[in-house]
Amino acid sequence: MSWKCKECGCEYFNIDCKVTYYQADLDDYKNIDNYKLSEKEMIQYVCFECGNSSEILEEIAEQKEWEDEQ
């Protein structure tokens, strides 16, 4: 079995695993009162050819049997 991108048919995917973001608390006047840098572990599957991406592989790719390719 192999996975193929639903958009372009590519069989190769990259996996990105880290997201960095700032989290800020605002005061009553909507000014930044406190902020911190946060990191979240997140798996993102990305098609090598077209850049199609999702956290769930089944959303961007479909499984193909080897017999389908012959």
Side-chain angles (χ1 to χ4, degrees):
M1 295 177 97
S2 66
W3 288 95
K4 288 193 174 190
C5 177
K6 290 180 180 179
E7 288 190 17
C8 69
C10 179
E11 295 180 354
Y12 300 100
F13 297 89
N14 292 324
I15 301 174
D16 297 331
C17 295
K18 187 194 261 186
V19 174
T20 303
Y21 60 96
Y22 286 97
Q23 184 174 354
D25 296 324
L26 303 178
D27 62 13
D28 295 337
Y29 301 103
K30 304 295 182 200
N31 295 320
I32 296 175
D33 186 31
N34 186 16
Y35 73 93
K36 65 180 179 178
L37 180 66
S38 298
E39 292 182 355
K40 176 183 175 186
E41 290 291 326
M42 180 177 77
I43 295 175
Q44 186 83 1
Y45 298 95
V46 182
C47 176
F48 185 77
E49 289 291 324
C50 70
N52 191 12
S53 65
S54 175
E55 289 183 31
I56 302 169
L57 184 59
E58 289 84 359
E59 288 182 358
I60 63 166
E62 56 190 4
Q63 268 189 333
K64 294 285 186 178
E65 295 289 335
W66 292 115
E67 295 83 33
D68 293 346
E69 297 174 7
Q70 299 174 355

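For reference, positions follow the sequence shown, starting with 1.
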How long is the gap from OG on S2 to CD on E11, to the nearest 0.5 Å? 4.5 Å
If you compare all heavy atoms of F48 against all heavy atoms of C10, which two are closest, and at what distance to 0.1 Å? CB-SG, 4.3 Å
Closest heavy-atom pair, E58 versus K6, reported as atoms and distance to 0.1 Å, is O-NZ, 3.1 Å
Quick check: are there more than 12 heavy atoms from other residues, nucleotides or ligands sitting under 6.0 Å from CG of L26? yes
Closest non-hydrogen contact found for Y45 with L57 is CD1-N, 3.7 Å
Determine the minimum heavy-atom distance between I60 and S54, stating which atoms define it. CG2-CB, 3.6 Å
Under the side-chain contact (heavy atoms from CB on, under 4.5 Å) criterion, do F13 and Q44 qualify, and how do the steps go? CA-CA 10 Å; F13 297 89; Q44 186 83 1; over 6 Å; no
